[in-house]
Amino acid sequence: QVQLVESGGGLVQAGGSLRLSCAASGTIFSINAMGWYRQAPGKQRELVVAIAGGGGTNYADSVKGRFTISRHNVKNTVYLQMNSLKPEDTAVYYCKARITTAQGMGVPNDYWGQGTQVTVSS
């Protein structure tokens with residue numbers, strides 16, 4: 001089985017910074033893309049940023065220049081450094097990873113973390 005565990009959320013004032021982490025564990029054969037999504041109250045879940053296995057990234061326009069994604073392939077961990085936070089960044093942040101398990105017969109599946117709350121006060 002595979003688990004994604006996020007950490008690092010919390011309450012911060014506007015202009016502040018937070019760093020989120022998401023560690024994947026279990027019978028992992030390989031991890032392709034990893035990414036962060038967020039869902040604010042009353043809104044749909046949206047992509048914040050994704051990073052491919054080769055390191056290519058895709059940022060939402062709203063976070064470009066403020067957020068930075070990185071990954072540690074040996075640790076099966078993805079990070080999200082969030083700077084210059086704004087009240088509109090307030091949301092539950094979810095980690096997603098496309099993982100091929102040892103039992104998966106070579107077929108990757110998407111796995112989600114449980115989410116971590118980020119609240120930015122004005």
Side-chain angles (χ1 to χ4, degrees):
Q1 306 303 325
V2 172
Q3 269 193 320
L4 298 181
V5 178
E6 298 124 334
S7 60
L11 172 64
V12 65
Q13 288 189 331
S17 299
L18 284 174
R19 187 184 191 223
L20 306 183
S21 299
C22 172
S25 62
T27 54
I28 297 170
F29 178 74
S30 64
I31 301 179
N32 302 327
M34 304 183 82
W36 291 94
Y37 290 71
R38 66 186 181 188
Q39 188 166 18
K43 295 188 176 182
Q44 289 189 331
R45 191 173 298 189
E46 63 176 3
L47 172 69
V48 177
V49 57
I51 182 167
T57 57
N58 177 31
Y59 287 89
D61 288 342
S62 59
V63 306
K64 283 181 181 177
R66 300 187 299 121
F67 290 11
T68 303
I69 191 171
S70 61
R71 63 189 287 174
H72 193 302
N73 291 329
V74 174
K75 293 183 178 180
N76 291 335
T77 301
V78 64
Y79 305 96
L80 182 63
Q81 178 66 44
M82 305 186 292
N83 299 329
S84 302
L85 282 161
K86 304 175 181 179
E88 50 263 44
D89 294 317
T90 295
V92 178
Y93 283 70
Y94 297 91
C95 170
K96 188 178 90 168
R98 180 154 292 180
I99 295 173
T100 301
T101 63
Q103 309 92 327
M105 305 296 286
V107 178
N109 287 291
D110 289 336
Y111 294 85
W112 290 88
Q114 80 286 355
T116 185
Q117 177 70 46
V118 171
T119 303
V120 184
S121 63
S122 56

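One-based numbering along the sequence shown.
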Here the ring-ring contact (aromatic ring centres under 6.0 Å, His included) pairs for residues 17-46, sequence neighbours left out, are Y37-W112
For residues 41-95, the ring-ring contact (aromatic ring centres under 6.0 Å, His included) pairs (sequence neighbours left out) are none
Shortest non-hydrogen contact from [X] to [Y]?
X: I31; Y: A97; answer: CG2-CB, 4.3 Å
X: T90; Y: A40; answer: O-CB, 3.7 Å
X: N58; Y: L47; answer: ND2-CD2, 3.6 Å
X: N76; Y: M34; answer: O-CE, 4.2 Å

- Same apolar cluster (I L V M F W Y, side chains within < 4.5 Å links), V78/I28: yes
*Should V49 and V92 be regarded as members of a common hydrophobic cluster, given that ILVMFWY residues are connected when their side-chain heavy atoms come within less than 4.5 Å of each other, either directly or indirectly?*
no
Throw together a table of side-chain donor-acceptor distances under 3.5 angstrom for residues 115-122, partners on residues two or more places apart or in other chains.
{"unit_1": "T116", "atom_1": "OG1", "unit_2": "G9", "atom_2": "N", "d": "3.3"}
{"unit_1": "Q117", "atom_1": "NE2", "unit_2": "A91", "atom_2": "O", "d": "3.4"}
{"unit_1": "Q117", "atom_1": "NE2", "unit_2": "T119", "atom_2": "OG1", "d": "3.3"}

Residue pairs passing the disulfide bond (SG atoms under 2.5 Å apart) test where at least one lies in [range], sequence neighbours excluded:
range: residues 25-74; value: none
range: residues 29-91; value: none
range: residues 5-72; value: C22-C95

Qualifying salt bridge (Lys or Arg N to Asp or Glu O under 4.0 Å) pairs, either residue in [range], two or more places apart:
range: residues 68-78; result: none
range: residues 2-20; result: none
range: residues 48-58; result: none

Side chain to side chain contact (heavy atoms under 4.5 Å, CB included) filter on S7, not counting sequence neighbours, yields S21
Side-chain donor-acceptor pairs under 3.5 Å in residues 81-89, sequence neighbours left out?
{"unit_1": "Q81", "atom_1": "NE2", "unit_2": "N83", "atom_2": "OD1", "d": "2.9"}
{"unit_1": "N83", "atom_1": "OD1", "unit_2": "S17", "atom_2": "OG", "d": "2.9"}
{"unit_1": "D89", "atom_1": "OD1", "unit_2": "R38", "atom_2": "NH1", "d": "2.9"}
{"unit_1": "D89", "atom_1": "OD1", "unit_2": "R66", "atom_2": "NH2", "d": "3.0"}
{"unit_1": "D89", "atom_1": "OD2", "unit_2": "R66", "atom_2": "NH1", "d": "2.8"}
{"unit_1": "D89", "atom_1": "OD2", "unit_2": "R66", "atom_2": "NH2", "d": "3.4"}
{"unit_1": "D89", "atom_1": "OD2", "unit_2": "K86", "atom_2": "N", "d": "2.8"}

**Asked** Any side-chain heavy-atom pair from I99 and L4 closer than 4.5 angstrom?
**Response** yes
By salt bridge (charged side-chain N to carboxylate O under 4.0 Å, His left out), R98 pairs with (sequence neighbours left out) D110
| query | Counting only heavy atoms not in Q3, do more than 12 fall under 6.0 Å of its CD? | reply | no
Value for CG (L80) from CG (L18), rounded to nearest 0.5 Å, stands at 9.5 Å
